[in-house]
There are 2 protein chains.
Amino acid sequence: MATIYQVSERAGVSLATVSRVMNGNAKVSETTRNKVLAAMAELNYRPNSIAQSLASNCSNSVGMLVSEVHGPFFGEMMSGVENELRTAGKHVIIAAGHSDEASEKEAIEFLISRKCDALILHVDAVTDQYLIDLNERTPVVIINRTIPGLEDHCICLNNELGGYQATKALLDMNHRQIAYISGPLWKHDARERFEGHKRALSEFGLPLDEALCVQGDFHEEGGARAMETLLASAKPFTAVACANDEMACGAMNCARDHKLDIPADVSVMGFDNVIMSRYTFPHLTTIDYPAGEMGRMAACWVRRQIYQDKQVKVRQLFEPSLVLRDSVRQL
Amino acid sequence: MATIYQVSERAGVSLATVSRVMNGNAKVSETTRNKVLAAMAELNYRPNSIAQSLASNCSNSVGMLVSEVHGPFFGEMMSGVENELRTAGKHVIIAAGHSDEASEKEAIEFLISRKCDALILHVDAVTDQYLIDLNERTPVVIINRTIPGLEDHCICLNNELGGYQATKALLDMNHRQIAYISGPLWKHDARERFEGHKRALSEFGLPLDEALCVQGDFHEEGGARAMETLLASAKPFTAVACANDEMACGAMNCARDHKLDIPADVSVMGFDNVIMSRYTFPHLTTIDYPAGEMGRMAACWVRRQIYQDKQVKVRQLFEPSLVLRDSVRQL
DNA sequence: AACATTCATGAAAGCGCTTACATTTTTATC
DNA sequence: GATAAAAATGTAAGCGCTTTCATGAATGTT
């Protein structure tokens, strides 16, 4: 592997000059630039990115922490990040936090030890204060969470609005007895979505019926279990809004096991518009969460704020939107 | 950030000694080791991994190339890799190849420029020879493809066997008119699965009916289109084996649009046992592809062969297995 | 006690770049 | 053509580690 020194020798110039033509940040005469370029080509020179990083104190890498590397949701997000960052010549180091505080912190330390220039985080378990302190150590951009004092580092979906839209859609289709399967309420997004649900109800002058609200776990099993609970309670309902698509699937399966037809007997609303929701039967009516685009924006944030690429525009707030499919019917 | 120099100063020893206690590869007396450890702790010292990489010529990073970062299949695989590698203190750089030759090559060059110690590749578009040459430049482990001459670098699923199992299962349930929706036949895995299908048929003394074989694209749309073609051809069939789950979903949707009940009117067999297959209606009977485990094994290969961790065992050949659910019925 | 071994440590030369500063060359100005 | 200013290039000091080789201390041997 050729080094910058051999290039400089061959081109008959100094190291510094070669470095200059590589980085294009200082004037080099047309003649010498061509000599250098020619030497590079002849030697098939590739700069050693590690040496560059050490000398420039910039690793050109950004860490990304997600709850789980698998899972449709994060796939889209990582895909958006990878795409955007690679076109900028940066690379993504992936780590999983498993929604567990110790594990999230450990993953973050790992990424820091890797000298990432910035961290893109989708974390649940860690506190706001931790993130604020972390940001002092290394720049951070946070997806799907608003941290007071760090607002300009957050790429968010209006979860409350999504929760509202979901229940509003049900209400607009004349449902009045609407059950709700929430996510784990210690997660802010779960709470926000639930808030939206309540707002929609109250807008229609309906009280929140505690007996129709059950907490799930954002997974299929939890959705099924929650549905079981709802069905057992004997409280009648015509529709159930779920805080994510996986739980909606669980709920649908459970309902089917009880010989209920969807949507004839009960309508089901999801949230996230995960790929899978197009494959369920019936196809799930849900709220779109633009995860890929939000990932991309997190990457844009990094390009702009860390790599000083002021060309790229960043959008921080995203709006969910209703996706009508077949699991909800008009009453 | 403290450097090794400051640690050595504080501990009253030389740089070399500090380096020795860090790496544990040379004898250091208990006394000095403790002094150094203490100094490290006091200074909250973290070695600079970039400097380590430059000096040791080992980046501790491994590149992983998948077709798409999203997609359930690759999520599992990346998850397996990430897990295994992180416990070994290495990191994963992710890139997407989009099943396109130019794009795959570009991604590989990108990973190489990042000085990855090894590359884990899931590629379709690139030739065997390219991979053989590539392996001379940088160690490569290949998932889901057998390269002649590079067999010991391959982590494979017996796709032919999977194809066989799928059709055999259908035959065992007394289906005799079995349609087949293949993947794009320029992909080896698609070809292999198809071969398995043929073997099962011939084992039962059945001829391959060309009119019942149609080529799909491994995506939902292609599955739907293929089913449309099959239905239009007016050739009767009682079951359809699909080369992956996504196409099976497309086929099921198409069948449903034609008022056919699954599995009463037509049985559908998938392949891959992607997460989604548990959410479809009816739940898809399919062939399990242990993608997560195979990813993990690729990582183990790297640990063993590249990082010389002879503790870890590597398994290179994986067997698919039948997952019985609800989309296939006994005749 | 003299010598050979072994063990622990230190000195210093890289690894392949970037960049501040110094020097030389070119261009502009009168 | 002399001088100043600007532009191009070179010199060399890092960046924070690893590792070879040399040195000195401790131990063993007779």
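Computed over heavy atoms, backbone and side chain alike; hydrogens, waters and symmetry mates excluded.
At whole-Å resolution of the value, CG in Leu15(A) and P in dG14(D) are 16 Å apart. Taking atom CG of Asn25(A) as the reference point, atom P of dA8(D) lies 14 Å away to the nearest angstrom. Between the NZ atom of Lys115(A) and the C1' atom of dC17(D) there is a distance of 12 Å, given to the nearest Å. One can place CD of Glu30(B) at 15 Å from C1' of dC7(C), the figure rounded to the nearest angstrom. Between the C1' atom of dG16(C) and the OH atom of Tyr45(A) lies a distance of 7 Å, rounded to the nearest Å. The distance between atom CE of Met22(A) and atom C1' of dT18(C), rounded to the nearest whole Å, is 9 Å. When rounded to the nearest whole Å, the span between CG of Leu54(A) and C1' of dG16(C) equals 9 Å. Straight-line distance from the NZ atom of Lys27(A) to the C1' atom of dT27(C): 16 Å, rounded to whole Å.
Within the 4.0 Å cut-off from OP1 or OP2 of dT9(C), at least one side-chain nitrogen or oxygen of Thr32(B) is found. Side-chain N/O atoms of Ser29(A) include one lying less than 4.0 angstrom from OP1 or OP2 on dT9(D). The shortest distance between the side-chain N/O atoms of Ser19(B) and the OP1/OP2 oxygens of dT19(D) is not below 4.0 Å. In this model, the phosphate group of dG10(D) is approached by a side-chain N or O of Ser14(A) to a distance below 4.0 Å at OP1 or OP2. The shortest distance between the side-chain N/O atoms of Thr17(A) and the OP1/OP2 oxygens of dG10(D) is below 4.0 Å. Contact annotation: Tyr5(B) does not reach the phosphate of dT18(D) (side-chain N/O to OP1 or OP2, under 4.0 Å). The phosphate of dT18(D) has OP1 or OP2 within less than 4.0 Å of a side-chain N or O from Gln52(B).
You'll find that the side chain of Thr3(B) is closest to dC17(D), out of dC17(D), dT18(C), dA11(C). Comparing dT19(D), dT18(D), dT18(C) by their closest approach to the side chain of Asn23(B) singles out dT18(D). In this structure, of dA12(D), dG16(C), dG14(C), it is dG16(C) that holds the atom nearest to the side chain of Ala55(A).
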Carefully, step by step, assess Val18(A) and Met40(A) under the rule side-chain contact (heavy atoms from CB on, under 4.5 Å). CA-CA 9 Å; Val18(A) 177; Met40(A) 284 177 165; 3.8 Å; yes
Walk me through whether Cys58(A) and Asn60(A) qualify under side-chain contact (heavy atoms from CB on, under 4.5 Å). CA-CA 6 Å; Cys58(A) 165; Asn60(A) 288 308; 3.7 Å; yes
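Between Asp124(A) and Arg145(A) there is no salt bridge, since none of the side-chain N atoms of the basic residue sits less than 4.0 Å from a carboxylate O of the acidic one. Under 4.0 Å is where a charged nitrogen must lie from a carboxylate oxygen, and between Lys105(B) and Glu109(B) no such pair does.
Between Ala51(B) and Arg33(B), the residue anchored nearer the 5' end of DNA chain C, judged by the nucleotide with its closest heavy atom, is Arg33(B).
Checked by distance alone, Arg20(A) brings a side-chain donor or acceptor within 3.5 Å of a matching partner on the base of dG10(D).
Within 4.0 Å of Asn57(A), counting heavy atoms only, lies no atom of the nucleic acid at all. Within 4.0 Å of Val28(A), counting heavy atoms only, lie sugar-phosphate atoms of the nucleic acid but no base atom.
Of the residues listed (Thr146(B), Ile132(B), Asn135(B)), the one engaging His153(B) in a side chain to side chain contact (heavy atoms under 4.5 Å, CB included) is Asn135(B), and it is the only one.
Between Phe73(A) and His122(A), the ring-plane angle classifies as perpendicular under the 30° and 60° cut-offs.
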